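Written out below as structure tokens is the structure these notes cover.
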Number of protein chains: 2
Amino acid sequence: MYAISGKDDMTIWTLPERPARGPKPVYSRAQITEAAIRVADAEGLEAATMRRVAAEIGTGAMSLYRYVPSRDDLLELMADRLTGELDLAGVPSGDWRADLTRYADELRAMWRRHPWIGGVRRSLPGLGPNQLVLIERLMGVLDPHVPIDENLGLVALLNGYVEGVVREEIGAAEQLRRSGLSEPEWMARSHAHVDRLVKSGDHPIFTKIVTEARRPHLSRDDQFRHGLRRVLDCVAAALPPAT
Amino acid sequence: MYAISGKDDMTIWTLPERPARGPKPVYSRAQITEAAIRVADAEGLEAATMRRVAAEIGTGAMSLYRYVPSRDDLLELMADRLTGELDLAGVPSGDWRADLTRYADELRAMWRRHPWIGGVRRSLPGLGPNQLVLIERLMGVLDPHVPIDENLGLVALLNGYVEGVVREEIGAAEQLRRSGLSEPEWMARSHAHVDRLVKSGDHPIFTKIVTEARRPHLSRDDQFRHGLRRVLDCVAAALPPAT
DNA sequence: CTCCACTGAGTACGTTGTACGCAATTGCGG
DNA sequence: CCGCAATTGCGTACAACGTACTCAGTGGAG
């Protein structure tokens, strides 16, 4: 009877945005989602509280509950909106390698635009409209070539690679942001600890990683593309030989 | 001056557990970490609040702060403790394929024992003692064969695969647990939504996935091993031909 | 026009992480 | 052996969170 009734529904996606009678709603799910994303981009996911998001669109916290059953559902909406940012027009094109490269690049770019997406805990693949479109396009790339089980596994592999790499890329910056320290200050602090580990001599491979990381190497982009090529080779191996 | 002073330290790992003078501590970091893991295993990560964990060892919330600077740091400790559950004795053994398979199996098993680990947001690879040991052992497997950059990429790939698969395996169960519904009730609800999508006919590939998932197929273990083999083939391709 | 489903939004509650204070305990310097 | 100071366990208190409940006001259906 109150707000949007989540009574019989498991996800937001089954709740219609607007019923019939009554005054015209002033806001909208899309507007609220947008505002939440704006806040998260600027100040991190933890800053995107109900009150803060409401203030962003110039209203009080409780007004949001006319549009969204809970904060978790709002996060779901945000995730779907972000999925919508992936530009996969024309996919599948027939060239699976190009398609998957395109997807990987888009996904990485999106993560870098919205690093907080890694903090949105989703226990199941989302069923929002944008996410459903993504499934059709992305899985459609390999669907003609492999059984669906195999396809799922390969896509999971690709996603895993991209996510892993991006998390690593983002990690340091995110931690820096949350520490609230200045960059040089933060660098000094963390280097101090790492240096102690290195000097101890007990961690030769860790040392190797660290010293390697400190000297110039391939650009992030090149590293990403290089690893991606390997993943795609791996995909190719799972395809029938004629493709 | 109060509690454990996190003044100059970026991570817990640089904070000594115990200084000199004063009364003997009744508890310990290890004990608190253990209690927190027990709670998280039984009731989920969100149940592992400071008060709940403290109650678990029979004290008040504020006592924990004599051992741990913050809840985030406690999560860090928990993650490291879980890493310690991975049994990699004898790795690297010289047989890289066996080693990586062993690691993948151990990692998957650990995630299934503690599904909440997916909710611990770590922005950087941990630097706890167990995590450092893991780095040495795991990266040591491929270190003789490939440059460190390549090694990092391959390990990221492997981790990504395992994590992706396990998240999928865990997802439904986790969501069921959080909904608080009975299993048949939950099944009915989610099937209703999915059925609607399927019946709409707009999502052929989604439909394929769903119908496929409903009929019996390979066991989870076999699926995992199958995909893993493919990942390892991919790794093999990146190694010098003689190995 | 009347009705009532709906709106925006304030107030209030339970729960969280944790800052602070204080009495009790211990090891160390004398 | 004696105190001093460091450090303990832990209660109280607070700010911030998600959100249940409330109510006056709005506007389309009858």
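None of the values given here were measured: they were computed from a predicted structure. Order of the sequence lines sets the chain letters (A, B, ...), proteins ahead of strands, with each chain counted from 1.
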Proximity to the side chain of [X] - top-ranked nucleotide from [options]:
X: Arg51(A); options: dG17(C), dA19(C), dA12(C); value: dA12(C)
X: Met50(A); options: dG18(D), dG11(D), dA20(D); value: dG18(D)
X: Arg71(A); options: dG18(D), dA19(C), dG17(C); value: dG18(D)

Going through the distances and angles, do Asn159(A) and Leu107(A) end up as a side-chain contact (heavy atoms from CB on, under 4.5 Å)?
CA-CA 9 Å; Asn159(A) 274 321; Leu107(A) 185 59; 3.5 Å; yes
Are the side chain of Glu136(B) and the backbone of Phe206(A) linked by a donor-acceptor contact shorter than 3.5 Å?
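Such a contact is found between Glu136(B) side chain and Phe206(A) backbone.
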Atom-to-atom span, [atom1] of [X] to [atom2] of [N] - whole angstrom:
X: Leu64(A); N: dG8(C); atom1: CG; atom2: C1'; answer: 11 Å
X: Arg52(B); N: dT16(C); atom1: CZ; atom2: C1'; answer: 15 Å
X: Tyr65(B); N: dC20(C); atom1: OH; atom2: P; answer: 13 Å
X: Met62(B); N: dA13(D); atom1: CE; atom2: C1'; answer: 11 Å
X: Glu46(B); N: dC17(D); atom1: CD; atom2: C1'; answer: 16 Å
X: Tyr67(A); N: dT19(D); atom1: OH; atom2: C1'; answer: 17 Å

Could [X] and [Y] be called an ion pair, given the rule that one side-chain N must be under 4.0 Å from one carboxylate O?
X: Asp221(A); Y: Arg108(A); value: yes
X: Arg38(A); Y: Glu34(A); value: no
X: Arg112(A); Y: Glu168(A); value: no

Kindly confirm or rule out a cation-pi arrangement of Arg66(A) over Tyr27(A), judged by NZ or CZ under 6.0 Å from the six-membered ring centre and within 45° of its axis?
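No - Arg66(A) does not lie over the ring of Tyr27(A) by the 6.0 Å and 45° rule.
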With 3.5 Å as the limit, what N/O pairs link the protein to nucleotides 21-27 of chain C?
from	atom 1	to	atom 2	distance (Å)
dG21(C)	O6	Arg66(B)	NH2	3.4
dG27(C)	N2	Arg21(B)	NE	3.3

Report the C-alpha separation of Ile12(B) and Arg29(B) in whole Å, then their side-chain angles, then the decisive distance to 0.1 Å, and conclude whether the side-chain contact (heavy atoms from CB on, under 4.5 Å) test is met.
CA-CA 11 Å; Ile12(B) 328 193; Arg29(B) 268 187 203 173; 3.5 Å; yes
Assuming nearest nucleotide by heavy-atom distance, tell me which of Ala61(B) and Gly60(A) is located more 5' along DNA chain C.
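Mapping each residue to its closest nucleotide by heavy atoms, the 5'-most match is Gly60(A).
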Counting only heavy atoms and a strict 4.0 angstrom limit, can you tell me which residues of residues 32-42 of chain B come near DNA chain C?
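The answer is none.
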Could you tell me whether Thr49(A) contacts a base, only the sugar-phosphate backbone, or nothing, with contacts defined as non-hydrogen atoms closer than 4.0 Å?
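Sugar-phosphate contact only.
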Under the rule for ring-ring contact (aromatic ring centres under 6.0 Å, His included), what residues qualify as partners of His114(A), not counting sequence neighbours?
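Partners of His114(A) by the ring-ring contact (aromatic ring centres under 6.0 Å, His included) criterion, ordered by chain and then number, come out as Trp116(A).
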Let's go through Asp72(A) and Arg121(A) carefully: what are the C-alpha distance in whole Å and the side-chain angles of both, what is the deciding distance for salt bridge (charged side-chain N to carboxylate O under 4.0 Å, His left out) to 0.1 Å, and is it a yes or a no?
CA-CA 9 Å; Asp72(A) 279 353; Arg121(A) 167 127 124 281; over 6 Å; no
